[in-house]
Structures are given as structure tokens and as C-alpha cells.
Amino acid sequence: MLKYLKKYWYCCILAPLFMFGEIAMDLLQPDMMATIVDDGVLGGNMQLIFYEGIKMVLLVLFGGACGVLCGVFANIASQNFGNDVRKDMFSHIMDFSFEQTDRFTTGSLVTRITNDVSQVEQMIMQCIRSLVRCVVMFAGGIFMLYRQSPKFALVAACGLPFVTAIVVFTLKKASPLFTKIQQKLDRVNCIVQENIAGARVVKAYVKEDSELENFSKANDSLCSTNLRAQTILAFLNPCVNIVLNLCVVGVLYVGGYTVQANGNITPGQTMAAITYLSLILMRIVFLANIFQTFTRAAASWKRIREVLNTESAQKSGTQTADTDISGEVELRHVTFSYPNLPENIVLDDISLSVKKGETIAIIGSTGCGKSSLVNLIPRFYDATEGEVIVDGHNVLEYDIQALRSKIGIVQQKAELFSRSIKENICWGSEGATQDEISKAASTAQAEEFILRMADGYETAVTEGGHSLSGGQKQRISIAREMIKKPEILILDDSGSALDLKTESAFYEALNKEFSDTTRIIVAQRIASVRQADRIYVLEHGKICASGTHSELLETSDVYREICRSQLKKGEIVDAE
């Protein structure tokens, strides 16, 4: 935590210094009031009342100015602390592998980078401002109370153990609940995120009531845990107030008895003692609230550190993108299982190679491992066994950013951002000219529908691209990769939402404009792969056949069965 605060050390010093000024003015007020009562009101000295009153007003103004400056510097430190922590967390999250993101869950990461950081921000603010105020006010109050009379200080000393015991007991009971509250908040955020992102599916299946019930259960659990914590804390102030009032009664009794006995204590001193006593005991209550904030912040900081201390599971190498070979891919005896299901082998002893400028296709039934295979090339996941080679080097040797700069991948689910179509297309290629954007859109068969829109390329895309059809989103995603001009282009079922005519026109433009680019096509439609230089057929995580379309029709029963399920009988005969 100090790592983030040391940049703002001057604020952490100036804020308490100004707080000392505010506290000093507060501690002087009861003593000055005692003088006004004893020497002014009871002594009939109006001039003293006037001058002491003016002095009090000026001191209050000075103390107020010190308080404002303390708050300003404390805010600068705490807000900048939160700003730096959030940026660092976001940077770490962006470096996480898919495996780590899945382990934390998106909802939990959102909670940690927002709510948890806010809890720690509040703790920093209270530590710089309120904690200093409470400690100094407590010590100063005892000193000023002792100045009025040692007997008054003795009364306060009798009340302190009881107040301390109440505070310790309350916090001990409430503290374990704060971690549970943050965990339950994670669950609420997960449900909200999933249902907002999948609102169309929820509505299509008329599952609003079911999802509302799930949300209600999670929210009720959060509410119940919060209520338990707040119920425990609710006993704090009333119990301390009971002790405070008993101490006030004690001060009044001691003061009255002493006045009657020898008159050493004046009414003004008794009034000041009550004020100081209130300051002392209420500081303990404020300290309890601060410790409550500290406890919440400690739970939040632990969750923040889990993110900050988690290094990416994928270590970046040193190999740059500059190699003697470009656009070549090879898989050597690759086996892969997802980290959360190590016993479930997704890919089993896969070997294949692609030369520069070649087009290969991977086809197979749903769940056979096609997407998992291509996800190994840009290191979205790492192979469990075997090697993935890009341009003569194992992908593990590459600097991850250098590796991914060589590769363009368009996935079936098009991810667009809340900005204009133009900004979405050149999102990974800042500085692209309008001609380059138009050419990429034209290759992706997107320019025609873009120009039909009222604002053309400046048309705003809503969150998640919901203002566009599935085919339009896919074509914009394809254009985004076209403008990148990668050495290796992976199309992972990226034309699934396109009609056959549009898809055919796209592949024709792709072959013309990107003839030197290595292309890897993942598809389930024969029409998408039949023109490839080589087709690999996956079945249960293994390559069961490879060859051209015509060769596979003769040698592969699996491929022939796929063809029969999709093409008319006459087309198969023609292909054969």
C-alpha cells in the first residue's frame, strides 16, 4: 500500500499538520468558554465576554480553514491512490490468461476494481484525517481535562475500560462478516452482468422470473449478511452513550461535591470538563467506526492484492516479431486440456503445418476441438504437451505482444465497442487512413451496408454491437483484422452469420487482396472450406483425415458424411 502512497507523501504530511491546527482550536474552545462563564458571566465583566467571544470566532475561522486544507490534501492522497491502484489492477487483468480470468470471474474482478478500491480509498482518507484527529483529540482532551481537575481525569479513566471493551467486542463480532459481504457482492455483480449481457436470450426464453429469483436470492443473501453486520454495530453508539452519560453524572457529582467542600472547582470548569469528557469518550466511538472501516478495507485490500500479486500464467519470451521466416505455422504432437478440467483431453497428439500464403481449413463436428486448436497459436491458452511453432520459433519464446502482432484472429462471436463503426474498424490500427478503412471494409463485404447508414462510417455502435445484425457485426470484425494486415489470419467460424453469397464474395476478395497471407479457416460449412489448399478433419480431438476437398471425398468417411448432410446429392456427385 505504501508503494502507491509514497508518490503523495507531501499530502500525507500536510493533511495531519493542518489537522493539528484544527484540533488545537477545538481543544481551546471549552477552556475559553469556562473563562467566559466564570470571569465574564458570573463576574459581570462584559468587556471580557466581548473580547473572548471575538477571539473564539477568529480561532474557529482559523480552525475551519485548517480543516478545509486538511480535507483537500487528504482527498488528493486518497483519490490519487485509488486512481493508481485501479490502473495497476486493470493492467494486471489485461495481462491475465483466459484461465486466470475464468478463475477470478468477471463479476469478482469488477467488484475488486470498483467497490474494493473505494473501501481502501475511504480507509486512506480516514487514516490521514479522522484517525489523526481522534488520537490527538483524545490525548489533548485528557490533558485539558486534567488541567481542569485531576478528579475529572479520574472519572474519565473509570469509563475508558468499559468503552474499550464495548468497542473490541463489537468489532470482533462484526469483522468476519465484511469479507463475506464482498464475496456476496461478487455473486450479485456476476448475475447482473450475465443477465444484462444476455438480456436477449433471457427474453427469448421468457426466463425473466427465473433470473429475477436467482438475483433475489443472491441479493437477499447480501442484504442478510449486511444486516447482521450492521445490527452488531448498531449496539456500539447506544452502549458508549450510556457510559458517557454515567461519566457526565460522575463529573457533575465530583464537581458539585468539590464546590460544596472547598470551592476549588468553578461552574465554568465543570462545564468545560463535561465538554472535554464528551470529546474523549466520543473519540473512542469515532475510533471504533474508523476501525470498522479499517476492517472492511483490510478485507478489500486482501482481495486487491490477490489481483496485483497474480502474475500472468503465460510468461512472455524475448523473441521479437522480426524473423527470417514469416507466416508459417506448425503444430508438433500437441495435446491440450483446459486447466480447470485437466482430465478432459480436448486435443490429442495434433500435428500439422502451414506454409506462407497457404490456406488450410479445419472442419469437424461441434465440440471436436477446432477453436481450441487455433487458440493455441496466439497463446490464448498454452499446449499441455507438444510444441506450437510460428515462423520457426516456439510460441513460448515470443514476446506475447510481438507474437499477437503477427496474427489476426476473427472469432465467431463478434466483439464490438461503444464507438463509431470507423473507430471499431481501425481499433487495432490507429492512424489508418480513410482509404485503408474503406478497402478493409470492402474486402470484408461491409462497405455496402455501412454507406447505406445515415452517418456512414461515423454511425455509432451501441454497447456490444446490439444495434447491428449478427452478419454486420461479423463483417466489421473481419474488416478490423483486414486493416491490421497480419502475416497469419485465423478465421474461427467468422462467417457463420453470413449468407453463402456474401461469404463467397468475401473469400474471393480475400484471396485477391491477401494472397501472401497465411490463412487458417475454422468452419462447419463445406462451402467455407472446399477451396482450401488443405483440409484437416477433426474427430474427438484428433486429426482423422487431411487433404483437398476432392481427396477427402474419396478417402474420408467423416468428411463425406459432413458433405452429405450439407450439400445436395448432385453437388456431391459433381465434387467427386
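For reference, positions follow the sequence shown, starting with 1. Please read all numbers here as calculations on a predicted model, not as lab measurements.
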### Task
Evaluate the criterion ring pair (Phe, Tyr, Trp, His ring centres under 6.0 Å) for residue pair F96 and F104; output intermediate values, then yes/no.
CA-CA 10 Å; F96 282 173; F104 276 105; 5.5 Å; yes
### Task
Find the distance between CG (L17) and CG (L69) and round it off to the nearest 0.5 Å.
11.5 Å
#### Entry: Positive for side chain to side chain contact (heavy atoms under 4.5 Å, CB included) with C11, one of N80, V72, I76, I128
I76
### Query
Would L416 and S477 satisfy side chain to side chain contact (heavy atoms under 4.5 Å, CB included), going step by step from the backbone distance to the final call?
CA-CA 7 Å; L416 300 182; S477 295; 3.9 Å; yes
### Summary
In terms of heavy-atom contacts, D116 and S300 come closest through OD1-OG, 2.9 Å
### Message
Working note: W301 + Q119, criterion side chain to side chain contact (heavy atoms under 4.5 Å, CB included); need CA distance, chi angles, decisive distance, verdict.
### Response
CA-CA 8 Å; W301 183 245; Q119 295 283 1; over 6 Å; no
### Message
If you compare all heavy atoms of C70 against all heavy atoms of M19, which two are closest, and at what distance to 0.1 Å?
### Response
SG-CE, 3.4 Å
### Value rounded to 0.5 Å, distance of CD1 in I345 from OG1 in T384
8.5 Å
### Query
Under the side chain to side chain contact (heavy atoms under 4.5 Å, CB included) criterion, do K473 and E415 qualify, and how do the steps go?
CA-CA 8 Å; K473 288 193 290 186; E415 298 287 353; over 6 Å; no
### Message
Assess, by modelled atom type and distance only, whether the side chains of T111 and R187 contain a donor and an acceptor separated by less than 3.5 Å.
### Response
no
### From I54 atom CD1 to L59 atom CG, the distance as rounded to the nearest 0.5 Å
11.5 Å
### Message
With a sphere of 6.0 Å drawn around CZ of F417, does it hold more than 12 non-hydrogen atoms of other residues, nucleotides or ligands?
### Response
yes
### Query
How about F162: does its CZ atom have over 12 heavy atoms from other parts shown lying under 6.0 Å from it?
no
### Message
What's the separation between atom CD1 in I232 and atom CD in Q230, rounded to the nearest 0.5 Å?
### Response
9.5 Å
### Task
Ignoring hydrogens and angles, state whether a donor on the side chain of R228 or S224 is under 3.5 Å from an acceptor on the partner side chain.
no
### Query
If you take all heavy atoms of F336 and A383, which pair is closest and at what distance?
CD1-CA, 4.3 Å
### Message
Counting C-beta onward and ignoring hydrogens, is there a side-chain heavy-atom pair between V307 and R303 closer than 4.5 Å?
### Response
no
### Task
Please determine if R480 and E423 form a salt bridge, counting it only when a charged side-chain N lies under 4.0 Å from a carboxylate O.
no
### Message
Hydrogens and angles aside, do Y398 and T320 bring a side-chain donor and acceptor to less than 3.5 Å of each other?
### Response
no
### Query
Taking 4.0 angstrom as the limit, do E306 and K302 come out as a salt bridge?
no
### Message
Does any part of the side chain of F235, heavy atoms only, come nearer than 4.5 Å to the side chain of I166, both counted from C-beta?
### Response
no
### Task
For side chain to side chain donor-acceptor pair (under 3.5 Å), just list the numbers for R86 and S91, CA-CA rounded to whole Å, side-chain angles, deciding distance to a tenth of an Å, and then say yes or no.
CA-CA 8 Å; R86 283 193 181 95; S91 176; over 6 Å; no
### Task
Looking only at non-hydrogen atoms, find the nearest pair between K7 and D84 and report the distance.
NZ-OD2, 3.3 Å
### Message
As an exercise, state the distance from CG of N226 to CG of L177, rounded to the nearest 0.5 Å.
### Response
9.0 Å
### Query
Run the ring pair (Phe, Tyr, Trp, His ring centres under 6.0 Å) check on F81 and Y8 step by step: do they pass?
CA-CA 8 Å; F81 167 87; Y8 312 103; 8.7 Å; no
### Query
Which atoms form the tightest heavy-atom contact between C12 and L5, and what is the distance?
SG-CD2, 4.2 Å
#### Entry: Side chain to side chain, F20 and C66, heavy atoms closer than 4.5 Å
no
### Query
Side-chain contact, heavy-atom cut-off 4.5 Å: L396 with R379?
yes
### Query
Counting distance only, does the side-chain N/O of N75 pair as donor-acceptor with the main-chain N or O of G71 below 3.5 Å?
yes
### Query
Going through the distances and angles, do Q411 and N375 end up as a side chain to side chain contact (heavy atoms under 4.5 Å, CB included)?
CA-CA 10 Å; Q411 297 175 317; N375 282 337; 3.9 Å; yes
### Task
Verify the distance criterion only: is there a donor paired with an acceptor across the side chains of T225 and K180 at less than 3.5 Å?
no
### Query
What's the shortest heavy-atom distance between E121 and G82, and which atoms?
OE2-CA, 3.1 Å
### Query
So, S371 versus D492: side-chain donor-acceptor pair below 3.5 Å or not?
yes
### Validation row: T318, E397 side chains within 4.5 angstrom (heavy atoms)
no
### Task
Could you grab the distance from atom CG of L308 to atom NZ of K3, nearest 0.5 Å is fine?
7.0 Å
### Task
For atom CZ of R305, decide whether the heavy atoms of other residues, nucleotides or ligands shown that lie under 6.0 angstrom number more than 12.
no
### Query
Would you say the side chain of V117 lies within less than 4.5 Å of the side chain of M89, judging by non-hydrogen atoms?
yes
#### Entry: I407 side chain near I377 side chain, heavy-atom distance below 4.5 Å
yes
### Message
Between V120 and V85, is there a side-chain heavy-atom distance shorter than 4.5 Å?
### Response
no
